[in-house]
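One structure is given below, encoded as structure tokens.
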Amino acid sequence: MRTITIKPQALTHNLNQVKKRAPTAKILAMVKANAYGHGVKAVLPALQQADGIGVATLLEAIEARDLGWNKTIGLIEGVLTQSEWQQAIDNDLSCVIHHNPQLEWALDNVPVIDSPTRLVWLKFNTGMNRLGFNEQTILDAAQRLHDAGYQLILTTHFANADDVHHPLNAIQKQRFADMLNILRETVSQDVQGSLCNSSGLINFPDSHYDWVRPGIMLYGSSPIKNMCAHELNLQPAMDFSAQIMALQTIKVGDAIGYGSHWIAQQETRTALVSIGYGDGYPRILNQDAYVSVIDESTNQSYPCPVRGRVAMDMIVIDISSTPITLALDSKVILWGSAPHVDEVANHAGTIGYELLCRLSTRPLRMQN
């Protein structure tokens, strides 16, 4: 059985780490991309102590409202059409405004005075060069929105916050601080600020401002270059597991899997595991990739290398060094505490974000 188990207690623990690091800031907890693959329905109860949640699309926002979330929902890319702006008003969403069409839609259809949509996140391009007004256009946008009755949060996004020493970080921080001061002096003293994502929240405690926007750290993955989740006191919020479906012994010289790239140099005991890239386990792995098998009597885990290519529906693991007797229903951990999803991502040449977000619907989902 392929199983994704969500651990709400880990989510709550990680949210508390955010609070400890940013005690004076409000928290916009990111649940975009189906809560980084964890499932919005599964994570919302554990994030109730956040001040709001952030999503990327209108459909994600409506899903969260339908699930009963009644606090702030930030639509971090804003709306894509004028009709979506009306839907944002209807669903009490707080939207990012990052270019002129969105600005005009907001000015043409101003929500009633007590609407949550009156709170807008005005995006400033400080160096990421994706979304946002530049220094020449943001002042006019801010003034027009304020004059129309909107409350403003100046926001931007780090390009390299995972690397604390990258020179662009200091430039972005200064540009943001300067613009926030200008807006507070020329538009309104009530303009708020939001700069930090997960990595910025950890690396730049002097830049938390009014709102922080944690994402990947809530799910127990490290957002920091050269630092693991354990060092940051983050707990994985997901166990991804499967079962052994067959056992066999490979002779010296025998190859395993598509392409016959892995060849046994000695007699090797192997197990086939019912998991593959059709479930979201990465196809491309280096020779250091491993899974863990579980001794059900002691709950102790033992690492087993992955051998040969990952297929759509199965992988082969080397159980030669495993000191326990394994059976057809023995549990195999693809990622969780060990290996951590960040380790698997490193073996696949990618990041934990991608592995979590691309999980398929095939595994059974449950909560611990």
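A quick note: this is a predicted structure, and the numbers were derived from the prediction, not measured.
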Compare all side-chain heavy atoms of [X] with those of [Y] and state whether any distance is below 4.5 angstrom.
| X | Y | answer |
| --- | --- | --- |
| Leu107 | Leu145 | yes |
| Leu28 | Thr72 | yes |
| Met30 | Pro214 | no |
| Gln82 | Asp108 | yes |
| Ile317 | Val293 | yes |
| Trp69 | Gln48 | yes |

Pair [X]-[Y], side-chain donor/acceptor within less than 3.5 Å:
| X | Y | result |
| --- | --- | --- |
| Ser222 | Asp342 | no |
| Gln87 | Asn91 | no |
| Ser194 | Trp121 | no |
| His347 | Asn286 | yes |

Within a reach of under 6.0 Å around NZ of Lys19, are more than 12 heavy atoms found that belong to other residues, nucleotides or ligands?
-> yes

Stepwise, does the side chain to side chain contact (heavy atoms under 4.5 Å, CB included) test hold for Thr126 with Ile171?
-> CA-CA 8 Å; Thr126 57; Ile171 294 171; over 6 Å; no

List for me each residue that meets salt bridge (charged side-chain N to carboxylate O under 4.0 Å, His left out) alongside Arg365, sequence neighbours excluded, and say none if there are none.
-> none

